[in-house]
Amino acid sequence: MNATDHLHLRRCVDLARESLDAGDEPFGSCLVDRDGIRRFEDRNRVAGGDATQHPEFAIARWAAAHMTPEQRASATVYTSGEHCPMCAAAHGWVGLGRIVYAGSSEQLGQWLMEIGASAAPVAPLPIQAIVPGAIVDGPAPEFADELRSLHHRLHGKG
Ligand code: ZN
């Protein structure tokens, strides 16, 4: 992970905070093409009742509609939290490239356990268990405290 990766992860964590401030869960993601241009970004939008409205899923759909297979394969997806199995599958199906995440699913599980939040209905499998060929970097330890506090705030414990 380099300084450019850190910059894009910073944006993802800021999106996660915006999401929480807007009443959604604290997750944010962005899609960066091979030239380093941020092409699309989104945040969690599950507050309306559709629990599939994750930003990484939105990125996969956007990429399928707007990028060639070659552009997708050479793009990088940055995200505040490691992809869930649904989003990892979408990423794999549309042939996107490298994934860089700030916090892992394992960390999220630990934070939710500390809070006493109920377990998610979907298993927290690592991305490579869903997409064996995926190139994945993370977690980025410098964001751990901040992400942990966002999840504590979500559950009214921070
Ligand atoms: Zn997801």
Side-chain angles (χ1 to χ4, degrees), residues 1 4-112 117-140 143-144 147 150-151 154:
M1 234 182 266
T4 302
D5 293 334
H6 193 275
L7 189 78
H8 293 304
L9 286 181
R10 178 70 257 162
R11 176 61 188 151
C12 293
V13 176
D14 288 344
L15 284 165
R17 184 178 299 279
E18 285 174 24
S19 187
L20 184 63
D21 290 341
D24 260 293
E25 296 181 2
F27 297 98
S29 313
C30 51
L31 173 67
V32 176
D33 70 17
R34 85 176 82 193
D35 299 318
I37 311 289
R38 204 176 290 154
R39 299 285 304 276
F40 183 82
E41 63 181 25
D42 204 3
R43 61 165 177 85
N44 191 283
R45 298 182 188 278
V46 303
D50 179 355
T52 70
Q53 297 289 337
H54 297 183
E56 306 96 317
F57 205 172
I59 281 174
R61 290 205 200 88
W62 188 91
H66 296 95
M67 296 172 105
T68 66
E70 293 74 23
Q71 288 171 330
R72 295 198 291 270
S74 62
T76 301
V77 174
Y78 292 90
T79 186
S80 66
E82 183 177 1
H83 288 44
C84 76
M86 172 184 74
C87 295
H91 183 100
W93 282 122
V94 304
L96 279 162
R98 179 174 170 239
I99 291 173
V100 183
Y101 62 80
S104 69
S105 297
E106 191 184 344
Q107 286 174 308
L108 178 61
Q110 285 166 4
W111 298 329
L112 294 180
S118 51
V122 174
L125 301 173
I127 292 164
Q128 278 130 330
I130 309 294
V131 186
I135 298 161
V136 180
D137 283 315
F143 293 106
L147 290 171
L150 291 178
H151 286 282
L154 172 68

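Just the heavy atoms: all of them, side chains too, but no hydrogens, waters or symmetry mates, feed the values below.
Atoms CD and CG, on E18 and L20 in that order, are 11.0 Å from each other to the nearest 0.5 Å. The distance from the NE2 atom of H151 to the CD atom of E25 is 8.0 Å, given to the nearest 0.5 Å. Taken from CG in L31 to CZ in R72, the straight-line distance is 10.5 Å, to the nearest 0.5 Å. Between the OH atom of Y78 and the CD atom of E56 there is a distance of 15.0 Å, given to the nearest 0.5 Å. Between atom CG of residue L125 and atom CD1 of residue I130 there is a gap of 4.5 Å, rounded to the nearest 0.5 Å. Interatomic distance, CD1 of I127 versus OG of S105, reported as 7.0 Å (0.5 Å rounding).
S19 contributes a side-chain N or O that, together with a main-chain N or O of N44, makes up a donor-acceptor pair within less than 3.5 Å.
Nearest heavy-atom pair across E82 and P126 is OE2-CA, 3.4 Å. In this structure, P55 and F27 approach most closely via the heavy-atom pair CG-O, 4.0 Å. Nearest heavy-atom pair, A140 versus L9, reported as atom, atom and distance to 0.1 Å: CB-CD1, 3.9 Å. The two residues V13 and L150 come nearest to each other via the heavy atoms O-CD1, 4.4 Å. The heavy-atom pair separating M86 from T52 by the smallest distance is CE-O, 3.5 Å. In plain terms, the two heavy atoms of C30 and H8 that are nearest each other are SG-O, 3.9 Å.
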Could you please spell out the steps behind the side-chain contact (heavy atoms from CB on, under 4.5 Å) verdict for H83 and F57?
CA-CA 9 Å; H83 288 44; F57 205 172; over 6 Å; no

Carefully, step by step, assess L15 and D42 under the rule side-chain contact (heavy atoms from CB on, under 4.5 Å).
CA-CA 7 Å; L15 284 165; D42 204 3; over 6 Å; no

Could you walk me through whether R11 and E41 satisfy the salt bridge (charged side-chain N to carboxylate O under 4.0 Å, His left out) test, starting with their C-alpha distance in whole Å, then the side-chain angles of each, then the deciding distance to 0.1 Å, before giving a yes or no?
CA-CA 9 Å; R11 176 61 188 151; E41 63 181 25; 2.7 Å; yes

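Residues D24 and Q53 are not in side-chain contact: their nearest non-hydrogen atoms beyond the backbone lie 4.5 Å or more apart.
Shown here is I135, whose CD1 atom has no more than 12 heavy atoms of other residues, nucleotides or ligands within 6.0 Å.
A salt bridge links D14 to R10: one of the charged nitrogens lies within less than 4.0 Å of a carboxylate oxygen.
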Anything under 3.5 Å between a donor and an acceptor, one on a side chain of residues 89-96, the other on a protein residue two or more places apart or in another chain? List them.
| unit_1 | atom_1 | unit_2 | atom_2 | d |
| --- | --- | --- | --- | --- |
| H91 | NE2 | L96 | O | 3.4 |
| H91 | NE2 | G97 | O | 2.7 |

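Residue pairs meeting the side-chain hydrogen bond (donor to acceptor under 3.5 Å, both in side chains) criterion with at least one member in residues 118-139, sequence neighbours excluded: R98-D137.
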